[in-house]
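Beneath this line is the structure, given in structure tokens, with notes to follow.
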2 protein chains.
Amino acid sequence: MAGPQHEAAGPRPTSRDVARAAGVSQATVSLVFGDKWRGRVAERTAERVRTTARELGYRPNLAARNLRLGRTRTALLVVPALTNEFFARVYTGAARVAAEHGFGVVLYPSPDGIGPARDPFDSSRAALDGILASSIASDALATIQGDELPLVMLDSDPAGSLGAATVNLDIGDGMRQATEHLLALGHREFLHLAAGVDSWTFDVRSEALATALRGTDAAVRTVRALLTVDDARTAAEAALRAPGPRPTALVCDDDILAAGACKAARRLGLRVPEDLSVTGFDDLTLATAVEPELTTVRLPAERFGEHGMTSLLAVLDGRTPRTDTLPVELVIRGSTAPAAR
Amino acid sequence: MAGPQHEAAGPRPTSRDVARAAGVSQATVSLVFGDKWRGRVAERTAERVRTTARELGYRPNLAARNLRLGRTRTALLVVPALTNEFFARVYTGAARVAAEHGFGVVLYPSPDGIGPARDPFDSSRAALDGILASSIASDALATIQGDELPLVMLDSDPAGSLGAATVNLDIGDGMRQATEHLLALGHREFLHLAAGVDSWTFDVRSEALATALRGTDAAVRTVRALLTVDDARTAAEAALRAPGPRPTALVCDDDILAAGACKAARRLGLRVPEDLSVTGFDDLTLATAVEPELTTVRLPAERFGEHGMTSLLAVLDGRTPRTDTLPVELVIRGSTAPAAR
DNA sequence: GCGCCGAGGTTTTACGTATAACGTCTAGCG
DNA sequence: CGCTAGACGTTATACGTAAAACCTCGGCGC
């Protein structure tokens, strides 16, 4: 029984109802709620309107406002799956910046279990001002590009950026840092545990790894796994059992894979990091929850989302689309150590 | 250069533009796009309208539709923090059911870093049909209750449900299962590692734990920590070092806490589960990533979200609000073992 | 005394859609 | 052959808001 008295439980009051009750015109109510009333409405009147509105429980109808203004202050964020902590953090960053500018963010979790979503604009019922598209394959990109909404790509395929504003994470450099760290520790037999889905990110990472190894006498093999602990463990176990020289350094495309790899090692009686060094990617909560804590490439997930939203707001403001790349940083913890002699 | 030809890069075409181009009235276009045209528009005409619309790149304006219909097919989901995998999964479940019914879901991450959000209805710009509120403290509840939107509570304070539809997880029973499991293993010295914030969930859990221990000769102490691995480790380490009989069973309110506790144990030279049994809550990805894998109370997070959204849709359909409780299940893994003699 | 100006409003219109109410035309039937 | 009943559309209107354009009136300079 707290809250404003909403005696008439009927339909929600409109600005006209408030106007009538306060003895002013609808336009005046609109002015007062539009924050642009200085000099146009007397302070006394404005105050009267506000208290009347409060008594009636009035709230501006957003659908009507959006229609009238022709914009919604709402952005769509396209992500593969929110259950991945990385994307949850991207969302958090994007939503923070959006909120600071009076924008809302609605999500479109693209391929993942969201039922018969025909396209983003059907499933997210909200009317949109712009789109922030993260890690999108080129086919999904086509769907989106069909629409003429302002678009910012997060970590897009360089081949497919299409002149849209883009924010990238310097994944390649992260791979380089991890690899050089391992080289410096004396490792020469590398195994690359990659995320399962074929994509351009795989190419970027593989190339960076290969480049870093060029000119050394180190060798690398590649194995793929789905992005789950279990699948990573299975894949890593098989790879570590394979004939040939046993890898001493395991470079993983994700902390989840790294965690699975550590379990595989333990099953095989290998100690991490004494017998096998492991690196991850992302620096998730997971990275410091497992033992040993993971050496990993930290991606600035929140800043990524913030930067993307900032870019989108800039584009909506008419500024020309930019392409930015955010640096990443290797965090050295307990899962890497000098190669055993 | 794929996608429909959007030659005129001007303002988006409206149903009137399509009508003009197709030689019909605006009403007809509206009928065709409204899926209710059977018997009212000839198939030939409908097809012509559709192709014209495609050529022009027409999309119905959702703001206008929402205004006209007086509903938005959009629900708000209030969660503490998406970076918590549990809530990300709740969202996923809710969004799936919503999508199946043509609804969208917009998020309001309540207390967590989302800047100067005055209230949910400001920050999530979308016009709403209803609210799904998860784990809300009573003060935030008041804010929401001030509005007269249909509301479904997820795991609400039983004291504050206010006749709204509610979906609960049987947390208390989960606690009971974990406790009885440990009792059966012979444990008698319990430590309860609880989440930091004071809340009704703490009371529910403590009481269930106490109830399960009643009539036995077991003792329990309680320690609180923030919901991070690090803080949990610190708190657990201090508690395990404290004077008095050393606990052999550590019941944690969350898998994150359990992971931290395992690290604390290892630091103190205690083996899990031989010297110390640990249980968690939620069954996150984390639970099987750490070693040993955590015995934990699995919460059906997706089903929780699905059920909540189903309830909300029912309420929006005019059905009377129900209160349901979903069962939870103890998953026994490697972090619990018989108490050492 | 007249014109002008600014403060403080009001009237009116448009945003794009959905739908109730209303034509029209053809075919069928007694 | 006149009347009626669909089938197929169209006209007109309302949803709630924002803002451009327009009023009114008191004061003030000359």
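In the text below, chain A, chain B and the rest are named by the order of the sequence lines, each starting its count at 1.
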Fill in the blank from the handout: B:Leu56 atom CG is separated from C:dG16 atom P, nearest whole Å, by 14 Å

Practice task
Of all the heavy-atom pairs spanning A:Leu67 and B:Leu67, show the shortest one and how long it is.
Solution key: CD2-CD2, 3.3 Å

Fill in the blank from the handout: Nearest heavy-atom contact between A:Thr52 and A:Val18 is CG2-O, 4.0 Å

Exercise for the section: Look only at the side chain of A:Ser134 and the backbone of A:Leu132, and say whether a donor-acceptor pair between them is shorter than 3.5 Å. Expected result: no

Exercise for the section: Calculate the interatomic distance between A:Leu31 atom CG and D:dA19 atom C1'; express it in whole Å. Expected result: 8 Å

Handout entry: Parallel, tilted or perpendicular, as decided by the 30° and 60° cut-offs, for the rings of B:Phe86 and B:Phe304
Key = tilted

Problem - Cationic N near anionic O, under 4.0 Å, A:Glu55 to A:Arg48 - result: no

Completion exercise
As a check of understanding: the bend across the helix from C:dG1-D:dC30 to C:dG30-D:dC1, end axes from five pairs, rounded to 10 degrees, works out to 60°

Completion exercise
Ranking A:Ala42 and B:Tyr58 by the position along DNA chain C of their nearest nucleotide, the one closer to 5' is A:Ala42

Problem - A:Glu306 bridged to A:Arg303 by N-O distance under 4.0 Å - result: no

Exercise for the section: Ignoring the backbone of A:Arg65, work out which of D:dT17, D:dG9, C:dT17 is nearest its side chain. Expected result: D:dT17

Practice task
Map B:Val41 and B:Arg68 onto DNA chain D by nearest heavy atom, then report which one ends up closer to the 5' terminus.
Solution key: B:Val41

Practice task
Give the rounded distance in Å between these two atoms: CZ of A:Arg71 and C1' of C:dG16.
Solution key: 17 Å

Practice task
Taking only the side-chain heavy atoms of B:Asn61 (C-beta and beyond), determine which of C:dG16, D:dT10, C:dT10 contains the nearest atom.
Solution key: C:dG16

Handout entry: Any A:Thr28 side-chain nitrogen or oxygen under 4.0 Å from OP1 or OP2 of C:dG8
Key = no

Practice task
Salt-bridge test for A:Glu100 and A:Arg96: reply yes if a basic N is under 4.0 Å from a carboxylate O, no otherwise.
Solution key: no

Problem - Considering all heavy atoms, the nearest B:Ser311-B:Val167 contact - result: OG-CG2, 4.1 Å

Practice task
Decide whether A:Asp129 and A:Thr74 meet the rule of one side-chain donor and one side-chain acceptor closer than 3.5 Å.
Solution key: no

Fill in the blank from the handout: Rounded to whole Å, CZ of B:Arg44 lies from C1' of D:dA7 at a distance of 15 Å

Practice task
Please answer whether the main-chain N or O of A:His101 pairs with a side-chain N or O of A:Arg73 as donor and acceptor at a distance below 3.5 Å.
Solution key: yes

Completion exercise
With the side chain defined as heavy atoms from C-beta on, B:Gln26 is closest, among D:dG9, D:dT17, D:dA12, to D:dA12

Practice task
Could you tell me the separation between the NZ atom of B:Lys36 and the P atom of D:dA7, rounded to a whole number of Å?
Solution key: 18 Å

Practice task
Mind listing the residues from residues 13-21 of chain A sitting with a heavy atom below 4.0 Å of DNA chain C? Number order is fine.
Solution key: none

Just the table, please: protein N/O against nucleotides 20-25 of chain D N/O, every pair under 3.5 Å.
none

Handout entry: Side chain A:Asp17, main chain A:Thr14, donor-acceptor under 3.5 Å
Key = yes

Handout entry: Proximity to the side chain of B:Ala64 - top-ranked nucleotide from D:dG9, C:dG16, D:dA19
Key = C:dG16

Problem - Closest to the A:Leu69 side chain, choosing from C:dT19, C:dT10, D:dA18 - result: D:dA18

Exercise for the section: Using a heavy-atom cut-off of under 4.0 Å over every strand shown, decide if B:Val29 touches base, sugar-phosphate, or nothing. Expected result: nothing

Problem - Interatomic distance where CZ belongs to A:Arg12 and P belongs to D:dC15 [whole Å] - result: 16 Å

Completion exercise
note: B:Arg59, atom CZ; C:dT17, atom P; distance rounded to Å ~ 13 Å

Practice task
Round to a whole Å and report the spacing from CD of B:Glu43 to P of D:dC8.
Solution key: 10 Å

Handout entry: From A:Thr72 atom OG1 to A:Leu62 atom CG, the distance as rounded to the nearest 0.5 Å
Key = 10.0 Å

